[in-house]
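As the structure lists them, so they are numbered: ligands from 1, and atoms in each ligand from 1. All residue numbers in this chain count up from 1 along the given sequence.
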Amino acid sequence: MPAALPALDEFNRFFWTSGADGQLRLLRCGACRAWLHPPGPVCPRCQSHDVSPQVVSGLATVEAVTVNHQAWTPALAEPYAIARVTLDEDPGIRLTTRILGMPAADVAIGQRVKVRFVAADDVHLPCFEPV
Ligand SMILES: [Zn+2]
(Lines give C-alpha, C1' and ligand atoms only; values in the text may rest on other atoms or scores of the structure.)
Protein backbone atom coordinates (compact mmCIF):
# COMPACT_ATOMS: atom_id res chain seq x y z
CA MET A 1 0.00 0.00 0.00
CA PRO A 2 1.61 3.27 -1.08
CA ALA A 3 1.94 6.01 1.46
CA ALA A 4 0.11 8.69 -0.43
CA LEU A 5 -2.17 8.40 -3.41
CA PRO A 6 -2.45 11.02 -6.13
CA ALA A 7 -5.44 13.35 -6.11
CA LEU A 8 -7.59 12.49 -9.11
CA ASP A 9 -9.13 15.18 -11.26
CA GLU A 10 -10.94 15.26 -14.58
CA PHE A 11 -7.68 15.40 -16.52
CA ASN A 12 -5.53 12.81 -14.75
CA ARG A 13 -8.13 10.25 -13.69
CA PHE A 14 -7.60 8.09 -16.80
CA PHE A 15 -3.84 7.97 -16.10
CA TRP A 16 -4.10 6.82 -12.49
CA THR A 17 -6.86 4.28 -13.19
CA SER A 18 -5.55 3.04 -16.55
CA GLY A 19 -3.83 0.02 -14.99
CA ALA A 20 -7.19 -1.58 -14.14
CA ASP A 21 -6.87 -3.48 -17.44
CA GLY A 22 -3.08 -3.76 -17.27
CA GLN A 23 -2.42 -1.07 -19.87
CA LEU A 24 -0.58 2.20 -19.45
CA ARG A 25 -2.14 5.15 -21.25
CA LEU A 26 -0.94 8.63 -22.04
CA LEU A 27 -2.69 11.51 -23.73
CA ARG A 28 -1.94 11.85 -27.40
CA CYS A 29 -2.73 14.80 -29.58
CA GLY A 30 -4.90 13.93 -32.56
CA ALA A 31 -3.65 16.94 -34.50
CA CYS A 32 0.14 16.74 -34.21
CA ARG A 33 0.41 13.18 -32.77
CA ALA A 34 2.55 14.33 -29.81
CA TRP A 35 2.40 12.36 -26.58
CA LEU A 36 1.52 14.55 -23.60
CA HIS A 37 2.36 14.18 -19.94
CA PRO A 38 1.34 15.27 -17.39
CA PRO A 39 -2.27 15.25 -18.59
CA GLY A 40 -4.03 18.49 -19.47
CA PRO A 41 -6.85 19.74 -21.66
CA VAL A 42 -4.70 21.22 -24.43
CA CYS A 43 -1.71 20.03 -26.45
CA PRO A 44 1.22 22.22 -25.35
CA ARG A 45 2.85 21.83 -28.77
CA CYS A 46 0.02 22.84 -31.09
CA GLN A 47 -2.76 24.06 -28.73
CA SER A 48 -5.23 21.52 -30.09
CA HIS A 49 -7.99 20.34 -27.76
CA ASP A 50 -8.13 17.04 -29.66
CA VAL A 51 -6.28 15.03 -27.01
CA SER A 52 -7.29 11.58 -25.81
CA PRO A 53 -5.82 8.67 -23.84
CA GLN A 54 -4.02 6.08 -25.96
CA VAL A 55 -2.42 2.79 -24.91
CA VAL A 56 1.38 2.77 -24.86
CA SER A 57 3.74 -0.20 -24.73
CA GLY A 58 4.68 0.27 -21.09
CA LEU A 59 8.33 -0.15 -22.07
CA ALA A 60 10.81 2.36 -20.72
CA THR A 61 14.46 3.01 -19.88
CA VAL A 62 15.84 4.15 -16.53
CA GLU A 63 17.31 7.63 -16.98
CA ALA A 64 18.12 8.36 -13.33
CA VAL A 65 17.83 6.38 -10.12
CA THR A 66 18.24 6.88 -6.41
CA VAL A 67 18.11 4.24 -3.69
CA ASN A 68 16.18 5.29 -0.64
CA HIS A 69 17.28 3.89 2.72
CA GLN A 70 14.78 5.81 4.79
CA ALA A 71 11.47 4.12 5.46
CA TRP A 72 9.37 7.27 5.27
CA THR A 73 6.26 5.27 6.01
CA PRO A 74 5.70 1.72 7.27
CA ALA A 75 4.29 0.96 3.83
CA LEU A 76 7.66 1.38 2.14
CA ALA A 77 10.18 -1.33 2.93
CA GLU A 78 13.67 0.08 2.50
CA PRO A 79 15.83 0.06 0.56
CA TYR A 80 13.78 0.89 -2.50
CA ALA A 81 14.64 2.41 -5.84
CA ILE A 82 13.03 5.60 -7.08
CA ALA A 83 13.74 6.21 -10.74
CA ARG A 84 12.97 8.54 -13.55
CA VAL A 85 12.18 6.56 -16.67
CA THR A 86 11.75 7.65 -20.27
CA LEU A 87 9.01 5.96 -22.27
CA ASP A 88 9.74 4.20 -25.56
CA GLU A 89 7.01 6.14 -27.36
CA ASP A 90 8.75 9.44 -26.65
CA PRO A 91 11.99 9.77 -24.67
CA GLY A 92 10.81 13.27 -23.79
CA ILE A 93 8.07 11.75 -21.64
CA ARG A 94 9.39 10.96 -18.18
CA LEU A 95 7.73 9.29 -15.22
CA THR A 96 9.04 9.28 -11.68
CA THR A 97 8.34 5.83 -10.36
CA ARG A 98 9.47 2.92 -8.23
CA ILE A 99 11.46 0.02 -9.65
CA LEU A 100 10.23 -3.34 -8.39
CA GLY A 101 11.28 -6.92 -8.93
CA MET A 102 15.03 -6.50 -8.51
CA PRO A 103 17.40 -5.43 -5.73
CA ALA A 104 17.27 -1.66 -5.41
CA ALA A 105 21.06 -1.41 -5.47
CA ASP A 106 21.17 -3.17 -8.84
CA VAL A 107 18.99 -0.67 -10.70
CA ALA A 108 21.25 1.18 -13.13
CA ILE A 109 20.89 3.94 -15.66
CA GLY A 110 20.00 2.34 -18.98
CA GLN A 111 18.08 -0.54 -17.36
CA ARG A 112 15.19 -1.62 -19.58
CA VAL A 113 11.93 -1.82 -17.68
CA LYS A 114 8.25 -2.54 -18.23
CA VAL A 115 5.26 -1.16 -16.37
CA ARG A 116 3.85 -3.14 -13.45
CA PHE A 117 0.86 -1.64 -11.68
CA VAL A 118 0.45 -1.49 -7.92
CA ALA A 119 -3.24 -1.15 -7.07
CA ALA A 120 -4.53 0.85 -4.13
CA ASP A 121 -8.25 1.55 -4.04
CA ASP A 122 -9.17 2.62 -7.58
CA VAL A 123 -5.69 3.95 -8.30
CA HIS A 124 -3.20 1.80 -10.19
CA LEU A 125 0.25 3.26 -9.63
CA PRO A 126 2.51 2.69 -12.63
CA CYS A 127 5.68 1.16 -11.21
CA PHE A 128 8.25 -0.62 -13.34
CA GLU A 129 10.19 -3.88 -13.26
CA PRO A 130 13.05 -5.29 -15.34
CA VAL A 131 12.13 -6.50 -18.82
ZN1 LIG B 1 -0.68 18.77 -30.74
Without placing hydrogens or testing angles, list every side-chain donor-acceptor pair under 3.5 Å for residues 35-52, not counting sequence neighbours.
unit_1: Q47; atom_1: NE2; unit_2: P44; atom_2: O; d: 3.2
unit_1: S48; atom_1: OG; unit_2: D50; atom_2: N; d: 2.9
unit_1: S52; atom_1: OG; unit_2: Q54; atom_2: NE2; d: 2.9

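- D122 places no side-chain N or O within 3.5 Å of a backbone atom of W16 that could act as its donor or acceptor partner.
- Under the rule for a salt bridge (charged side-chain N to carboxylate O under 4.0 Å, His left out), the partners of R84 that lie at least two apart in sequence or sit in another chain are E63.
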Take L59 and V131, measure what side chain to side chain contact (heavy atoms under 4.5 Å, CB included) needs, and give me the verdict at the end.
CA-CA 8 Å; L59 293 167; V131 170; 4.0 Å; yes

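- For E78, the side-chain contact (heavy atoms from CB on, under 4.5 Å) partners are H69, A71, Y80, not counting sequence neighbours.
- For the Zn ion (ligand 1), the tally of protein N/O/S atoms lying closer than 2.8 Å stands at 4.
- Counted by atom type alone, Q111 and T61 present zero donor-acceptor pairs between their side chains at under 3.5 Å.
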